[in-house]
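Below is one structure, written out as structure tokens; the observations come after it.
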Amino acid sequence: MTEKGLKSKNKKGYWKSYSLGILICLALSLYSYTKFIALKYPNYIGLIFSALFLVIALLIFYFLISIKTYIVTNNKLTVISFGRSQKTYNLNELISWTKADVKGKYGRYEIFALHFKSGEKIKLSSDTYDNYFEIKIELTKNKQRNLKLEELNRNKAGLIAFIVFTLIGILCLIGAYDKLQNKDLDDKDIIAFGDKTSGSIQYINRKHDYILIKLKSYPDFNFRIQGKDLKATFVEELINEIKTGDSIFLGIDKTEYRTKIIKTDSLSFPDNYFFNETISVKSVHSKKNDYLKLSEVNAIRADDKYWDFGIFGVFGLIFMLTGIYGIKTVITKMNDEQ
């Protein structure tokens with residue numbers, strides 16, 4: 001290489017993904033903080049999440065400004081970080097280099113690593129540097145590529161992937177077992193109370209549809225019929241027959257009644273932070289008609305329970321058996337290569 005040297009150039013727009021991550025984390029931090037200060041009974045969960053997202057945003061910003069610059073000149077590699085020379089490596093001490101293809105969000109890219117006698121390793125990515133291949137050719141010229149180490153790295157990555165598959169399979173099987181343990185809702189687990197509606201009952205079309213009921217005595221709460229309970233509901237009759245100001249009787253879980261309505265018990269962690277304004281409805285009736293019966297809810301849940309068990313069980317077995325077979329194959333291959 002000439003005395004002028006070869007300097008790495010960052011790709012145009014390399015900062016965009018970092019900036020997006022920073023903005024998202026800052027927005028979540030601000031949202032968490034506003035939730036914290038808006039609570040009638042403040043707790044520190046929102047504040048903790050706000051601080052956590054802020055720290056993540058700062059870390060992403062640090063990674064952005066600490067992207068290294070590389071200069072190759074006179075058979076030496078100089079690493080520059082934060083605008084200052086961090087370290088200079090003699091390329092005569094370079095033992096070997098390796099390459100790996102990586103599948104990213106926007107396509108495949110390449111990473112190559114330099115391995116020095118000191119045991120230090122430097123990695124460069126084609127996803128970051130515009131003149132990556134020019135630098136790669138210059139740094140690896142007349143240097144040995146370590147194919148054995150590449151194969152070992154691939155085996156290690158494969159082993160990790162199959163371990164993850166196995167863990168996912170185990171979690172699915174635990175989920176299948178958990179589905180079988182779902183018990184019918186009992187009358188003693190439900191608290192029924194009456195009130196007048198403060199607005200028309202609405203059917204909300206979302207990714208997960210639900211029915212929204214607002215009550216005069218509890219304006220801060222959103223009473224919802226959602227999930228599988230929606231299948232057991234006479235939706236049209238409920239919406240058409242119950243008008244604003246009409247009396248209605250709702251049955252909700254005793255735990256939600258005690259934690260949210262009368263506040264004699266402490267909220268759970270998710271409710272404390274995410275769902276403290278939402279209450280799930282298990283039964284609905286007026287003086288004339290039943291719109292959602294506990295018995296119908298239990299019947300639908302019983303049918304779905306076995307379907308859920310089958311789906312979780314099948315996927316659990318597939319993932320776990322695939323993972324175990326893969327782990328065995330990779331370990332055998334690694335032993336044979338040794």
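Quick caveat, the model's predicted, so the values are computed rather than measured. The residues of the chain are indexed from 1 along the displayed sequence. As a basis for the values below, the full set of heavy atoms in this structure was taken, side chains included, without hydrogen atoms, waters or symmetry mates.
- Taken together through direct or relayed side-chain contacts under 4.5 Å among Ile, Leu, Val, Met, Phe, Trp and Tyr, F315 and L173 form parts of separate hydrophobic clusters.
- Annotation for Y109: atom OH counts as buried by contact number, over 12 foreign heavy atoms lying within 6.0 Å.
- Under the ring-ring contact (aromatic ring centres under 6.0 Å, His included) criterion, F312 pairs with no residue at all, not counting sequence neighbours.
- Atom OH of Y203 has more than 12 neighbouring heavy atoms from other residues, nucleotides or ligands inside a 6.0 Å radius.
- Panel note: side chain T34, backbone Y31; a donor-acceptor pair is recorded below 3.5 Å.
- Residues L238 and I300 fall into different hydrophobic clusters, defined by Ile, Leu, Val, Met, Phe, Trp and Tyr side chains chained together at heavy-atom separations under 4.5 Å.
- You'll find the side chain of Y218 stays beyond 4.5 Å of the side chain of K260, heavy atoms only.
- Taken from OG in S8 to CG in L77, the straight-line distance is 9.0 Å, to the nearest 0.5 Å.
- Side-chain atoms of E256 and S280, non-hydrogen and from C-beta on, do get closer than 4.5 Å to each other.
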Exercise for review: Evaluate the criterion side chain to side chain contact (heavy atoms under 4.5 Å, CB included) for residue pair L180 and Y306; output intermediate values, then yes/no.
Suggested key: CA-CA 7 Å; L180 279 183; Y306 296 107; 3.9 Å; yes
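- T197 contributes a side-chain N or O that, together with a main-chain N or O of K243, makes up a donor-acceptor pair within less than 3.5 Å.
- Using a distance-only test at 3.5 Å, with no hydrogens or angles considered, a donor-acceptor pair links the side chain of E150 to the main chain of K99.
- For K9, the NZ atom is loosely surrounded, since the number of other residues' heavy atoms within 6.0 Å does not exceed 12.
- In the displayed structure, K143 atom NZ is contacted under 6.0 Å by more than 12 heavy atoms of other residues, nucleotides or ligands.
- Remark: side-chain polar atoms of K7 are not paired, donor with acceptor, to backbone N or O of V72 under 3.5 angstrom.
- With contacts defined as side-chain heavy-atom distances shorter than 4.5 Å, the pair N92/N75 qualifies.
- Residue I111 forms a side-chain contact (heavy atoms from CB on, under 4.5 Å) with just one option from V102, D101, D127, T128, and that option is V102.
- Of the possible polar contacts, one joining the D195 side chain to the S217 backbone as a donor-acceptor pair under 3.5 Å is found.
- For the atom pair OH of Y325 and NZ of K328, the computed distance is 8.5 Å after rounding to the nearest 0.5 Å.
- Residues I135 and L6 share a closest heavy-atom pair of CA-CD2, 3.8 Å.
- Between E151 and K148, no side-chain nitrogen of the basic residue sits less than 4.0 Å from a carboxylate oxygen of the acidic one, so the salt-bridge criterion is not met.
- A pairwise comparison of heavy atoms in T233 and I211 identifies CG2-CD1, 4.1 Å as the closest pair.
- L171 and L321 are members of different hydrophobic clusters when ILVMFWY side chains are connected at heavy-atom separations under 4.5 Å.
- A salt bridge is absent between K288 and E241; no separation between the charged side-chain nitrogens and carboxylate oxygens falls under 4.0 Å.
- In the hydrophobic clustering of ILVMFWY residues, with side-chain heavy atoms under 4.5 Å counting as a link, F319 and I163 come out apart.
- Between I242 and S286 the shortest side-chain heavy-atom distance falls below 4.5 Å.
- Side-chain contact check for I324 versus M320: some heavy-atom pair is nearer than 4.5 Å.
- Residues K287 and F249 meet the side-chain proximity criterion, which asks for heavy atoms closer than 4.5 Å.
- Once rounded to the nearest 0.5 Å, the distance linking CG of L59 with CG of L64 reads 12.5 Å.
- Taking all atoms of both residues into account, the shortest heavy-atom contact from S118 to E120 is OG-OE2, 3.1 Å.
- Between the side chain of N74 and the backbone N or O of K76, no donor-acceptor pair lies under 3.5 Å.
- Between I261 and I279 there is a side-chain heavy-atom pair separated by less than 4.5 Å.
- From S96, atom OG reaches atom CG of L147 across 10.0 Å, with rounding to the nearest 0.5 Å.
- Closest approach of Y291 and H285 over heavy atoms only: CD1-CA, 4.1 Å.
- Here the side chains of K228 and D308 are in contact, with some heavy-atom distance below 4.5 Å.
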Review point. For D304 and K231, what are the C-alpha separation, side-chain angles and deciding distance, and is it a side chain to side chain contact (heavy atoms under 4.5 Å, CB included)?
Key: CA-CA 11 Å; D304 289 341; K231 298 179 185 178; 3.4 Å; yes
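- Using a cut-off of 4.0 Å between Lys/Arg side-chain N and Asp/Glu carboxylate O, R301 and D184 are scored as not salt-bridged.
- Applying the ring-ring contact (aromatic ring centres under 6.0 Å, His included) test to residues at least two apart or on different chains, the pairs with a partner in residues 63-87 are Y62-F82, Y70-Y129.
- With hydrogens and angles left out, the side-chain atoms of N289 and E237 include no donor and acceptor closer than 3.5 Å.
- Checked for salt-bridge contact, K282 and D189 miss the test: no charged N lies under 4.0 Å from a carboxylate O.
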Exercise for review: Could you please spell out the steps behind the side chain to side chain contact (heavy atoms under 4.5 Å, CB included) verdict for F133 and E110?
Suggested key: CA-CA 9 Å; F133 290 101; E110 184 180 293; 3.9 Å; yes
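- With hydrogens and angles disregarded, a donor-acceptor distance shorter than 3.5 Å links the side chain of S50 to the backbone of S29.
- D290 and K293 get closest at one heavy-atom pair: OD2-CE, 3.4 Å.
- The two residues L114 and W97 make their nearest non-hydrogen contact at CD2-CB, 4.1 Å.
- Taking the six-membered ring where tryptophan is involved, the planes of F162 and F165 are perpendicular, since the angle between them exceeds 60° and thus also 30°.
- Rounded to the nearest 0.5 angstrom, I71 CD1 and T88 OG1 are separated by 9.0 Å.
- Between the side chain of N240 and the backbone N or O of E236 there is at least one donor-acceptor pair closer than 3.5 Å.
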Practice item. Determine, stepwise, if the pair L159 / I327 fulfils side chain to side chain contact (heavy atoms under 4.5 Å, CB included). Key: CA-CA 6 Å; L159 187 61; I327 291 170; 3.9 Å; yes
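- Rounded to the nearest 0.5 angstrom, K196 NZ and S247 OG are separated by 5.5 Å.
- T244 places a side-chain N or O within donor-acceptor distance of the main-chain N or O of S200, the cut-off being under 3.5 Å.
- Side chain of N153 to backbone of L149: a donor-acceptor contact under 3.5 angstrom is found.
- Taken together through direct or relayed side-chain contacts under 4.5 Å among Ile, Leu, Val, Met, Phe, Trp and Tyr, I225 and Y210 form parts of separate hydrophobic clusters.
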